[in-house]
Amino acid sequence: MTLALALTPYVYGLGFFMMAAGLLIALTSRHLIKRLIGLGVFQTSAGVFYILLSKVSGGTAAIRLEADSPAARSLASRLDAAYIATHGVDGVVYSNPLPHVLILTAIVVGAATLAVGLSIIVRIRETYGTVDFEELAALEAKALRDGREDEA
Amino acid sequence: MTRLLAAPEAELVFAALLLTLLAGLVLALLAARSVLTCILLMSVFSLTMALWLMVMDAPDVAFTEASVGAGVSTMILLGAALSSTDVIPSVRPGRFWFPAVACLAAFIGMALALSDLPVFGDPGSPPSSYVGRLYLEHTPHDIGAPNVVTAVLASYRGFDTLGETSVILAAGVGVLLLLGGSLNSRDPVSEDVSLRISAGSPVLSVAARLLIPIICLYAFYVLAHGEFGAGGGFQAGVILAAALILHALVFGVRETMRALPVGVVRSCAALGVLGYASIGFIAILHGGRFLDYDALLSPVFEAGLPSSHLAGGHHHWGQRLGILGIETGVMLAVASTMTAIFYAFAGRVSRSDEAGAA
Amino acid sequence: MLAAGVAGLLIAMGLMVVRLLRGPTAYDRVLAVNSFGTKTVLMIALMGFAVGRPDFLDVAIVYALINFISTIALMKVFRLRSLGEPLARLSMSRETPDA
Amino acid sequence: MSPFAGVQFASPEVIQHAPALMIAAPLTAACVAALSPSARWAWFSSLGGALFALWMALCLAADVAQSGVVSYAVGGFAPPLGIELRVDDLGVFFSLLVSILGVATSLASASLLRLELPERDHALMQAGFMLALTGLLGLTATGDAFNAFVFLEVSSIGTYALVAMGASRDRRALTAAFQYLIMGTIGATFFVIGVGLLYSVTGTLNMTDMAEKLSASSSDRAAIAGLVLITVGLALKAAMFPLHAWLPGAYSAGPSVVVAFLAGTATKVSVYLLIRFLMDVAGGLEGAGEGLLNWLIAPMAGIAAVVASVQAVFQTETRRILAFSSIAQIGYVLLGVTSGSVAGLTAALFLLFAHAMIKTVIFLCLGAIGHRGAQLETLAGAGREAPWTITALAIAMLGLAGAPFTAGFLAKWRLLGALADGGRIWAVVAIAVSSLTALVYCARILETMVFRTRRSSASGVSEASPAALAAIWFLAASSVWYGLDASALYDLARQAAASAMGASS
Amino acid sequence: MLEAIAWIGSAFIIAAVGLSIAGAVGVLRFPDVYTRIHAASITDTGAASLMTLGMLLMAGLSPAAIKLCIVWLFIMLTSPAAAHALAGAAFGSGHRPILGDPRRPSEDET
């Protein structure tokens with residue numbers, strides 16, 4: 001049990017590090033595509049956090065096994081009976097299935113955001129000719145100034 | 001055989017190792033200077049993430065992460081990267097420090113919450129001991145599908161999946177709105193048929209022609225197998241889209257568009273979501289709640305069907321029918337949306353090349 | 001025993017990542033990603049046995065499939081600068097030196 | 001007594017399924033719109049979907065007036081296992097707002113789209129619009145935290161592309177849509193991480209179940225971190241002061257029918273979620289919800305009210321002025337929400353409803369007259385060209401400025417009263433200063449359009465189409481009606497506030 | 001008897017992992033693209049075959065065995081094809097293999 005205790009801050013810490021790194025890329029990178037990639041990392045690390053909550057030590061995937069099937073018996077052999085009795089269901093210990101369902105949704109949402117974001121980038125590239133964030137800002141500031149002169 | 005199995009602690013250590021590799025990849029991503037290297041790192045990141053998910057007992061999620069993350073996302077990233085510059089200019093310090101401090105504050109804020117989070121792998125933690133356990137205990141009685149994740153995804157929380165499928169439709173609509181303009185026009189396909197089999201690359205053409213039908217068959221296997229093992233509507237949809245993308249990569253996107261025009265693909269996306277919603281309406285018409293699959297089959301009809309031995313003799317044909325129905329709807333929506341998105345990126349680039357070349 | 005095998009494969013994958021980062025030419029990087037993918041397929045199969053659930057090999061099949069498709073896509077991007085063009089039309093031997 | 005008490009809109013069988021049908025109808029309309037061959041068919045399906053959703057919202061209002069809270073277990077599974085659609089007075093208030101504005105915008109959408117976008121895009125634009133309506137209606141009805149994230153994404157992914165489609169008129173729509181996408185997705189992801197932290201403490205995703213478990217739980221630090229992340233995420237979505245950078249660009253460059261709908265609903269529903277999480281779910285954690293409200297949101301709202309109004313005065317583009325005024329109005333509403341009294345929350349909800357209607361009318365008018373140019377000067381003398389539309393716009397501007405006999409005035413008046421009673425003098429001062437600056441830019445817009453003489457180079461301004469006029473005049477008239485006799489809307493707002501505060505105190 | 005087969009199987013697996021690591025080291029140390037492609041694809045397919053054989057012994061007659069054969073077949077079909085396409089692409093885009101004296105500085109150092 002001490003191993004799990006030792007791993008806990010390390011594992012969650014890495015998850016939060018990936019969140020912070022993804023956020024940093026999404027906010028500071030000058031290339032629009034790299035911003036989207038940073039956003040993708042940020043969304044995936046939210047999934048990492050959920051899955052970290054779902055793992056049960058000694059548990060297996062949430063696909064129910066027949067109680068007396070060879071796989072169930074070999075899985076049960078590596079755990080002590082009391083552990084299986086308290087935490088197992090019908091003789092087999094499973095990990096928590098709910099975060100898996102939630103993260104299936106989050107992955108698809110991430111892919112959908114990426115697709116829309118990339119199509120906007122392709123259109124930006126065709127109209128502005130650049131995908132550099134600061135060049136775009138400069139172009140827009142100039143356009144704003146010209147807009148104000150000729151319409152006044 | 002038992003001695004060969006990894007001990008539970010070994011699984012936890014292995015998960016931590018893979019997570020370290022993931023963090024390393026993110027660090028490399030931070031420092032990468034070329035977009036194509038970023039995309040490759042993202043592809044490797046998705047594969048390692050899918051591997052980590054396998055260790056964390058989440059095969060369905062690993063399935064989806066691999067096929068969506070490493071497969072489709074890489075394709076559309078490459079499509080977009082082709083039409084933009086590859087070099088990533090470095091960030092001026094002035095604009096870097098404020099967001100960097102904000103991210104650091106967010107990281108420290110979350111790290112403070114670390115002490116209250118459940119211990120890694122603790123079976124008694126609130127998530128694993130409350131609703132998660134209820135699902136594991138109630139699934140055989142309520143739904144009868146061995147794969148609890150598919151049961152929860154399709155039946156208990158079917159409304160979530162309906163929302164998610166409409167997210168996919170929204171993405172498809174958005175991409176077709178933005179990039180679809182040039183695809184709809186039926187332009188005459190110039191190259192003649194003989195080119196397709198020419199000497200250019202016999203190996204890949206043969207390999208692709210052999211593999212594409214197998215992949216489509218495998219997609220339908222994954223769809224039908226969703227209740228028993230890892231798989232389901234999303235994964236099947238993405239694999240079907242991967243088969244079409246392989247066809248487009250080898251034989252040209254014009255060829256695939258001739259087989260599956262954009263109009264058909266767009267309608268299939270809408271039909272998939274419509275099918276999913278109509279199963280919900282049918283449940284209402286039969287007197288059940290929205291998306292209540294038990295109400296799909298009339299009790300008299302269901303009594304006649306053989307009781308499934310898997311679920312301890314309970315009659316679950318309504319649930320089975322409902323789950324298979326919505327998974328097919330989801331597969332249709334996902335496959336056609338991913339194909340439409342690939343058309344938008346791949347079809348558009350060749351168009352500007354032609355414009356450039358002409 | 002299986003855990004030792006899995007650890008060995010992990011080392012091989014780490015070396016592939018090193019090649020991916022160092023790789024001078026683009027084709028080294030594509031090679032690194034392709035080899036990483038194949039090793040991941042083997043890892044999945046091996047882990048299926050290590051955790052006692054060998055019936056997860058479906059995931060391994062999808063890995064191999066996705067790995068093949070992304071390698072072709074990467075190769076088309078680096079070599080032919082387009083995704084949509086049919087391979088047959090742009091014969092592979094055309095001399096266009098690039099990265 | 002709620003105005004809907006004792007009213008019967010449909011047979012009991014239909015009312016029983018009202019929450020689910022309210023969400024499924026616009027989704028089906030979106031699919032039919034995407035399938036429809038011509039723009040006309042897409043418009044009919046979108047109008048039908050919006051009307052059906054409004055009908056269901058009215059049924060819900062009657063049902064909630066009768067039985068307090070309507071709980072609908074989707075899929076036939078009871079809450080902790082299945083997803084529950086839980087609608088109380090607060091939820092119904094926002095469902096009505098979203099569905100009314102949905103119908104009005106859908107009615108005017110055909111002519112507005114024809115003015116700005118090529119014919120072939122209309123069908124997909126209607127489909128995207130209906131998906132946004134589905135997402136927002138889902139948010140107002142859902143009782144499940146993760147389901148709220150899914151509907152948040154459904155409503156926002158569609159709108160990113162819709163806003164980007166404004167590029168046919170103003171190329172800055174693309175960069176604005178990209179910034180909107182990055183900020184919106186970061187907000188939604190912060191929200192989902194916050195929900196994950198709450199899930200790690202409570203083990204459930206159902207909001208009422210979560211509230212009970214939170215009050216019993218000992219591990220407060222993870223729960224508070226979760227609440228902070230949810231607040232930051234929703235603040236990004238609601239364009240609360242420091243995180244509002246994406247809104248002016250998106251509202252000034254997007255297609256007018258999309259901006260009209262977004263201005264009225266998107267940020268408002270995020271405020272609803274803030275109220276739901278900080279008052280209902282966080283009720284259990286003694287002090288956490290109130291602490292966040294008082295020490296994080298209240299000061300930001302005060303700054304937003306003043307700074308945004310001042311910025312609005314210096315803008316030269318019509319829609320950018322209105323975008324900054326929206327940020328200021330969100331500041332007013334949040335000041336009311338954080339006042340801590342039922343009267344304050346009631347006034348805030350009343351102001352929110354009035355402001356949503358007014359903003360939608362203004363953006364619909366701007367779109368309906370075919371106002372191509374961005375600068376305010378190009379609107380000079382538009383009153384003569386399109387008298388009917390511009391008078392409706394003038395009424396709405398008066399409401400925005402808070403002139404007497406309009407809903408805006410009544411709402412601000414009651415908000416100031418409630419804040420004064422609550423002893424929050426700094427909030428009263430902030431709103432007063434902000435209202436004065438609002439007078440300045442509203443007067444400038446009114447003066448330019450109505451009293452200035454015609455300029456030869458002004459881009460062609462034309463009268464709105466009959467359908468658009470009907471929608472515009474319906475909303476403008478009701479904004480004046482609620483100014484004169486506010487009893488109906490005020491009772492609804494009070495019921496909503498009571499159910500929100502009741503749950504927490 | 002079962003134990004013996006299992007041990008032989010794991011011996012195969014260890015051999016496959018060794019081959020894989022050798023290939024990985026080869027990919028790092030070889031001078032140019034073509035030798036690296038050679039190293040990577042040979043060891044990949046070799047390790048795949050050995051490992052599949054080892055796991056077949058451990059799995060015995062079960063659905064997993066059939067899936068293992070499908071995976072092996074798939075790798076056999078796609079990995080060489082991908083390596084061929086990669087080498088063709090590299091050659092087509094002007095990269096020439098380093099012929100003659102191996103001690104000549106490799107691409108990395110030039």
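Since the structure is predicted, the reported quantities are computational estimates derived from the model, not experimental observations. So that the names make sense, note that chain A is the first sequence line, chain B the second, and so on, each numbered from 1.
When side chains are defined from C-beta on, A:F42 does not count as touching D:T185, because their heavy atoms never get closer than 4.5 Å. Within the 4.5 Å cutoff, the side chain of A:Q43 has no heavy atoms near those of the D:I193 side chain. When side chains are defined from C-beta on, A:T105 counts as touching D:F146, because their heavy atoms get closer than 4.5 Å.
Proximity to chain A involves both the backbone and the side chain of D:A177, based on heavy atoms less than 4.5 angstrom apart. With a 4.5 Å cut-off on non-hydrogen atoms, A:L102 touches chain D through its backbone and its side chain both. Heavy atoms of D:V195 lying under 4.5 Å from chain A belong to its backbone as well as its side chain. Residue contact with chain A, scored on non-hydrogen atoms closer than 4.5 Å, involves the backbone and the side chain of D:L197 alike. With a 4.5 angstrom heavy-atom cutoff, D:V192 touches chain A via backbone and side-chain atoms both. Only the side chain of A:L53 comes within less than 4.5 Å of a heavy atom in chain D; its backbone stays farther off.
Minimum interatomic distance between D:Q179 and A:F133 (heavy atoms only, all atoms of both residues): OE1-CE1, 3.6 Å.
The distance from the OG1 atom of D:T189 to the CG atom of A:L23 is 9.0 Å, given to the nearest 0.5 Å. Between the OG1 atom in D:T175 and the CZ atom in A:R123 there is a gap of 12.0 Å [rounded to 0.5 Å]. Atom CD1 of A:I120 is separated from atom CE of D:M165 by 11.0 Å, given to the nearest 0.5 angstrom. Taking CG from D:L174 and CD from A:E140, the interatomic distance works out to 9.0 Å, rounded to the nearest 0.5 Å. The OG1 atom of A:T113 sits 3.5 Å away from the CD1 atom of D:I157 when rounded to the nearest 0.5 Å. A distance of 11.5 Å separates CG in D:L181 from CZ in A:R35, rounded to the nearest 0.5 Å.
A donor-acceptor pair under 3.5 Å is absent between the side-chain atoms of D:Y160 and the main chain of A:G117, judged by distance alone.
Among A:V109, A:L139, A:T127, A:L136, the residue making the largest number of heavy-atom pairs under 4.5 Å with chain D is A:V109. With chain A as the partner, the residue from D:F149, D:F190, D:Y199 showing the most heavy-atom pairs under 4.5 Å is D:Y199.
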